[in-house]
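Take a look at the structure set out below.
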Amino acid sequence: ETKIVVSYSDLQKLQYYFNKNNIKIIDIKYSENIEMIFEITKNKYENILEQEEKMNLNFSILEIEILRNKYIEVNE
């Protein structure tokens, strides 16, 4: 499970990205920013970090961290 924090203006872009890449959203918390908990494979997580570094994402990540490692079912 991983947590990502984005601004409200980036929520729809992030949801679209997750849907397009078959990333399962577990929970969304609304506060000053959007905090989303999701399941992701290690490869996809590393890809997000790589794309963020190259500034290739259409949303801005305020914070991202792995909360815990677990086995997940992947439907690709």
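By convention here, the first residue in the shown sequence is residue 1.
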Next item on the list: Quick one: which residue pairs count as a salt bridge (Lys or Arg N to Asp or Glu O under 4.0 Å) with a foot in residues 10-25, not counting sequence neighbours?
Entry: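 Every salt bridge (Lys or Arg N to Asp or Glu O under 4.0 Å) pair that includes a residue of residues 10-25, provided the two are not neighbours, is D10-K13.
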
If you measure from [atom1] on [X] to [atom2] on [Y], what distance do you get to the nearest 0.5 Å?
X	Y	atom1	atom2	result
E46	E50	CD	CD	9.0 Å
T2	I40	OG1	CD1	6.0 Å
S9	L14	OG	CG	11.0 Å

Next item on the list: Using side-chain hydrogen bond (donor to acceptor under 3.5 Å, both in side chains) as the criterion, list what pairs up with N56, not counting sequence neighbours.
Entry: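 Partners of N56 by the side-chain hydrogen bond (donor to acceptor under 3.5 Å, both in side chains) criterion, ordered by chain and then number, come out as Q51.
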
Note to self: Apply the hydrophobic cluster definition, ILVMFWY joined by side-chain contacts under 4.5 Å directly or through others, and give me every member besides Y16.
What the structure shows: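 Result for Y16 is none, singleton.
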
Notebook entry, point to check: With clusters built from Ile, Leu, Val, Met, Phe, Trp and Tyr whose side-chain heavy atoms come within less than 4.5 Å, directly or transitively, what are the remaining members of the cluster of L67, listed by chain and number?
Noted result: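 Its cluster mates, by chain and number, are I26, I37.
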
Check: Do Y8 and I64 share a hydrophobic cluster (ILVMFWY, side-chain heavy atoms under 4.5 Å, transitive)?
Finding: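 Y8 clusters together with I64.
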
For residues 27-34, which side-chain donor-acceptor pairs fall under 3.5 Å, sequence neighbours excluded?
residue: S31; atom: OG; partner: N33; partner atom: O; Å: 3.3

Checklist line | Derivation of the side chain to side chain contact (heavy atoms under 4.5 Å, CB included) call for M36 and V6 | finding: CA-CA 8 Å; M36 191 178 293; V6 298; 5.9 Å; no

Next item on the list: Check whether more than 12 heavy atoms from other residues, nucleotides or ligands sit under 6.0 Å from atom CD of Q12, and answer yes or no.
Entry: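 Counting other residues, nucleotides and ligands, CD of Q12 stays at 12 neighbours or fewer.
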
Next item on the list: Mind running side chain to side chain contact (heavy atoms under 4.5 Å, CB included) on I61 and V5 for me, showing each step along the way?
Entry: CA-CA 6 Å; I61 298 172; V5 178; over 6 Å; no

Item checked: Sole candidate of N43, L49, I48, N47 that passes side-chain contact (heavy atoms from CB on, under 4.5 Å) when paired with Y45 ->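 For Y45, the side-chain contact (heavy atoms from CB on, under 4.5 Å) test succeeds with only one of N43, L49, I48, N47, which is L49.
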
Next item on the list: Applying side chain to side chain contact (heavy atoms under 4.5 Å, CB included), name anything that partners N69, two or more places apart in sequence or on another chain.
Entry: I66

Next item on the list: Start with the C-alpha distance between K44 and N22, add both sets of side-chain angles, then the distance that settles side chain to side chain contact (heavy atoms under 4.5 Å, CB included), and finish with yes or no.
Entry: CA-CA 10 Å; K44 287 183 182 180; N22 296 315; 3.9 Å; yes

Item checked: Contacts of E65 that satisfy salt bridge (Lys or Arg N to Asp or Glu O under 4.0 Å) - sequence neighbours left out ->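 Applying salt bridge (Lys or Arg N to Asp or Glu O under 4.0 Å) to E65 gives K3.
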
Margin query: Before you tell me yes or no, could you show the steps for L11 and Q15 under side chain to side chain contact (heavy atoms under 4.5 Å, CB included), namely the whole-Å CA-CA distance, both residues' side-chain angles and the distance that decides it to 0.1 Å?
Written below: CA-CA 6 Å; L11 176 60; Q15 288 176 314; 3.8 Å; yes

Margin query: Among residues at least two apart in sequence or on other chains, which ones pass ring pair (Phe, Tyr, Trp, His ring centres under 6.0 Å) with Y17?
Written below: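 Here the qualifying residues are F59.
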
